[in-house]
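A short worksheet on the structure shown next.
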Amino acid sequence: MGLKHSNPQLFPGDIVEYPRNEYFSHFAVYYGERDGVPYVAHLTCRVICRSDSDSKLPLFGRALRSEVKLDPLQLLGTKYKVSNMLDDSFPARDFHAAVKPDIDELIGTQLTFDILFHNSEHQATLLRYGVKKSQQIERIYEHIEPAWKKLFEQKKL
């Protein structure tokens with residue numbers, strides 16, 4: 001399932017990955033079609049600001065006023081792929097019995113986005129599998145942990 005303007009076959013409950021750069025991607029869950037338009041549910045920091053003090057961008061990797069939104073599939077990008085990355089480790093939850101009702105309940109609810117503990121990948125895996133995991137953050141930790149460990153041992157941190 002490639003990227004360059006491909007149209008992989010999507011099934012409700014699939015995790016859709018939108019690569020943003022070499023390190024991070026944005027993740028969503030395929031919801032299905034409405035009036036012939038494919039939709040995805042995703043955790044977003046894109047909220048309506050009420051005052052100048054509100055911020056659309058995460059500060060220190062956190063955004064207190066985030067929410068799960070339902071948007072047209074291609075609004076998030078034309079380069080995407082199906083990424084059901086944990087299918088070998090966890091069973092996918094039934095879309096109509098579990099995932100869809102959870103999405104419907106979450107839409108419009110304010111949540112905290114946290115790059116390390118609750119990002120779009122965490123939200124997508126929580127919806128599909130009932131488990132919060134972010135492999136992209138785990139890969140980052142693999143590089144950070146050895147450096148931190150060395151600094152702790154040298155009592156420099």
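Scope of the values below: all heavy atoms of this structure, side chains included, with no hydrogens, waters or symmetry mates.
What you find for S83 and E17 is that their closest heavy atoms are OG-OE1, 3.1 Å. For the residue pair P19 and S25, the shortest heavy atom distance occurs at CA-OG, 3.3 Å. I15 and N84 make their closest contact through N-OD1, 2.7 Å (heavy atoms, listed as atom of the first residue, atom of the second, distance). Scanning both residues, L86 and Y129, for their nearest heavy atoms gives N-OH, 3.2 Å. Minimum heavy-atom separation, P101 to A97: CG-O, 3.6 Å. A pairwise comparison of heavy atoms in A28 and L76 identifies CB-CD2, 4.4 Å as the closest pair.
Ring-plane geometry between Y31 and F95 is classed as perpendicular, the angle between the planes exceeding 60 degrees on a 0 to 90 degree scale with a lower cut at 30. Ring geometry, H26 versus Y18: the interplanar angle falls from 30° to 60°, so the pair is classed tilted.
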Criterion salt bridge (charged side-chain N to carboxylate O under 4.0 Å, His left out) on K133 and E138, from CA distance to verdict: CA-CA 9 Å; K133 286 191 71 70; E138 289 173 8; 3.0 Å; yes
L111 vs L43, side chain to side chain contact (heavy atoms under 4.5 Å, CB included): CA-CA, chis, key distance, verdict: CA-CA 8 Å; L111 301 170; L43 180 64; 3.9 Å; yes
D71 vs H42, side chain to side chain contact (heavy atoms under 4.5 Å, CB included): CA-CA, chis, key distance, verdict: CA-CA 8 Å; D71 282 318; H42 63 114; 2.8 Å; yes
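Atom OG of residue S134 and atom NE2 of residue H122 lie 4.5 Å apart, to the nearest 0.5 angstrom. Summarising the geometry, atom CG belonging to D14 is positioned 9.0 Å from atom OH belonging to Y30; distances are rounded to the nearest 0.5 Å.
Criterion: ILVMFWY side-chain heavy atoms under 4.5 Å apart, direct or through other members. Under it, F11 and V82 are not part of a common hydrophobic cluster. There is no path of hydrophobic side-chain contacts, each under 4.5 Å, that joins F27 to L126.
Looking only at side-chain heavy atoms (C-beta outward), F24 and I140 come within less than 4.5 Å of each other.
At distances below 3.5 Å, not a single donor-acceptor pair connects side-chain atoms of Y39 with backbone N or O atoms of R34. The closest donor-acceptor contact from the side chain of T125 to the backbone of V131 lies under 3.5 Å. At least one donor-acceptor pair closer than 3.5 Å links the side chain of E121 to the backbone N or O of Q135. The backbone N or O of A92 lies less than 3.5 Å from no partner atom in the side chain of R128, so there is not a single donor-acceptor pair. In this structure a side-chain-to-backbone donor-acceptor pair under 3.5 Å is missing from D102 to V99.
In summary, the side chains of D114 and N119 do not present any donor paired with an acceptor at a separation below 3.5 Å, with no hydrogens or angles considered. Side-chain contact check for Q123 and H118: at least one donor-acceptor pair (N or O, by modelled atom type) lies under 3.5 Å.
Atom CG of N21 is surrounded by more than 12 heavy atoms from other residues, nucleotides or ligands within 6.0 Å. Annotation for E105: atom CD does not count as buried by contact number, only 12 or fewer foreign heavy atoms lying within 6.0 Å.
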